[in-house]
Amino acid sequence: MSVMRLLPEPGPIRVLATATLISTIGNGLWMASSALYLTRIVGLSIAQTGLALTTVALIMLVLSTPAGYLADRIGPRGVSIGCLFALGVCETAMLTVGSLATFMLVAAPMAVFDAAQRSARGAIIGGAVPPDRRVHTRAYLRAVTNVGITIGAGAAGLGLAVGTREAYQLMIVVDALSYLLAGLALIRLAPIPATPHTGGGPRLTALRDRPFLLLTVLDGLLAINFGLTEVAVPLWIADRTDAPHWMISVVFVVNTVTVVLLQVRLSRGTEGIPGAARASRRAGFALLAACAIFSTTSHSNGHLTMALLVLAALVHVAGELWYSAGGWGLSFGLAPDGAHGQYQGTFAMGHQFGQMLAPVVVTALTLGWGTPGWLLLGVVFAAVGSLVPAVARWAVASRVTPA
């Protein structure tokens, strides 16, 4: 009975959750093994691997809005299913990669299909889920995503321990199957009507919505916070504190478990634009507090350092949860009917750009400047979050209706 209570109600949310869990298990496998597969099995250099993955990220960034527009016009359910099937086929082709050129021949189309299915998912939620349940749905799916990636990454540990070409290839096959099974799961979703473009007005209206674009930029700057857990904090713990290196894993576990347990709860009240804007502001100040606490751990010792790291991780993940919920509420609340795909795709560009900047920004500030860098980064987060409510009010006052 307790397990059933964890499941969403029957309908679109449960179908989306099932597909998300399946696909993210495969994503976790690939995320944990891709760098080693490309360097140890394919034979790429570290520089080539970084260049290839950055190029893939740029393709997704550029195509995010056009892919969302396509989902609106063709129908997001069909686009999502078709792209998931295509991703499964392309992932299978990853078995044949033997150079940087052949990797890009496979990875570039995958980036196109991935950008389209991500934008289509936002359009599915916008078209199949009532407005007062959209943020809840995104929050639930993010919790499910963390569960799936954790399962996949844990399973990847077994393959990495074996370390043979066959072990890596098996993980690729499982990842490919996860895309295909996720696509099959979405077939149960009721069709969502396409919204054909009518009239002679602009097609990509989201790119002409200036307050929405400004919110996208602000959201992207706040998204840099993901670089803390992924890059800055592990290096900071290892190089600037006396904490044991296993504390890096503790910080990761604190983050992932908290997201699973509290994302839905901390998303309540962000269904409307004012509540979402306030959540973004809270996120900025929570991130400021987290940065301040992290900065003190280079001056503390022993158990106090470990306690401060856990406290900072908890404060940081609270900011991360409010940031996510605020962004969902704003992107859904400001998207006109029939344009959820392109608006979700455009808003995702900010998040993607912020994550691309994050490794350089967080390492330069925190590891380059130490405590002053941490505090400067925190002040930027708080300042950016504080701007969101005013820009959101501007966006409401100048809503754009697509042609």
Side-chain angles (χ1 to χ4, degrees), residues 18-64 67 70 79-121 145-186 230 348 352 355-356 359:
T18 302
T20 298
L21 179 62
I22 295 170
S23 64
T24 52
I25 289 175
N27 294 161
L29 277 169
W30 177 247
M31 289 168 61
S33 62
S34 58
L36 291 179
Y37 175 72
L38 294 175
T39 54
R40 296 183 179 180
I41 305 301
V42 176
L44 303 187
S45 67
I46 294 176
Q48 287 176 319
T49 300
L51 174 63
L53 296 178
T54 300
T55 302
V56 169
L58 282 172
I59 293 172
M60 292 185 62
L61 177 68
V62 171
L63 293 179
S64 189
L70 181 68
V79 169
S80 186
I81 293 171
C83 288
L84 287 169
F85 286 163
L87 284 166
V89 174
C90 289
E91 184 67 16
T92 303
M94 197 66 69
L95 296 169
T96 66
V97 167
S99 65
L100 176 61
T102 54
F103 173 72
M104 290 309 302
L105 284 175
V106 175
M110 288 190 71
V112 175
F113 295 131
D114 200 16
Q117 71 90 15
R118 289 172 185 266
S119 295
R121 181 176 58 180
T145 295
N146 270 41
V147 172
I149 289 177
T150 301
I151 293 172
L158 300 175
L160 295 175
V162 175
T164 63
R165 175 181 291 271
E166 291 74 17
Y168 282 98
Q169 289 177 334
L170 177 60
M171 289 189 283
I172 289 174
V173 170
V174 173
D175 188 20
L177 287 173
S178 74
Y179 284 123
L180 298 175
L181 291 174
L184 290 173
L186 282 183
E230 296 171 3
Q352 293 163 3
Q355 288 197 297
M356 287 177 60

Please report the shortest heavy-atom distance between [X] and [Y], naming the atom on each side.
X    : Y    : answer
M171 : S33  : CE-CB, 3.7 Å
G88  : T92  : O-OG1, 3.0 Å
S23  : A182 : CB-CB, 3.9 Å
V56  : A107 : CG2-CB, 3.7 Å
I59  : A111 : CG2-CB, 3.7 Å
S99  : L44  : C-CD2, 3.7 Å

In Å, rounded to the nearest 0.5 Å, how long is the span from [atom1] of [X] to [atom2] of [Y]?
X    : Y    : atom1 : atom2 : answer
L180 : L84  : CG    : CG    : 8.5 Å
T18  : L181 : OG1   : CG    : 11.5 Å
L186 : C83  : CG    : SG    : 11.0 Å
L29  : T24  : CG    : OG1   : 10.5 Å
S34  : L36  : OG    : CG    : 8.0 Å
L170 : L95  : CG    : CG    : 10.0 Å

Is the count of non-hydrogen atoms from other residues, nucleotides or ligands lying under 6.0 Å from M31 atom CE greater than 12?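 It does not: M31 CE has 12 such atoms or fewer within range.
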Measure from the side-chain N and O atoms of S64 to the backbone N and O of L61, and report whether any donor-acceptor pair falls under 3.5 Å.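 No, because the side chain of S64 does not come within donor-acceptor range (under 3.5 Å) of the backbone of L61.
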Before giving the answer on side-chain contact (heavy atoms from CB on, under 4.5 Å), spell out for F103 and L38 the whole-Å C-alpha distance, their side-chain angles and the decisive distance to 0.1 Å. CA-CA 9 Å; F103 173 72; L38 294 175; 3.6 Å; yes
Do the non-hydrogen side-chain atoms of Y168 and V162 ever get within less than 4.5 Å of each other?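 Not in contact.
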Starting from the C-alpha separation in whole Å, work towards a yes-or-no answer on side-chain contact (heavy atoms from CB on, under 4.5 Å) for E91 and W30. CA-CA 10 Å; E91 184 67 16; W30 177 247; 3.7 Å; yes
Begin with the C-alpha distance, continue with both residues' side-chain angles, and end with the deciding distance and a verdict on side-chain contact (heavy atoms from CB on, under 4.5 Å) for L58 and M356. CA-CA 9 Å; L58 282 172; M356 287 177 60; 3.3 Å; yes
Show, in sequence, the C-alpha distance, side-chain angles and deciding distance for V147 and L21, and conclude whether the side-chain contact (heavy atoms from CB on, under 4.5 Å) test is met. CA-CA 7 Å; V147 172; L21 179 62; 4.2 Å; yes
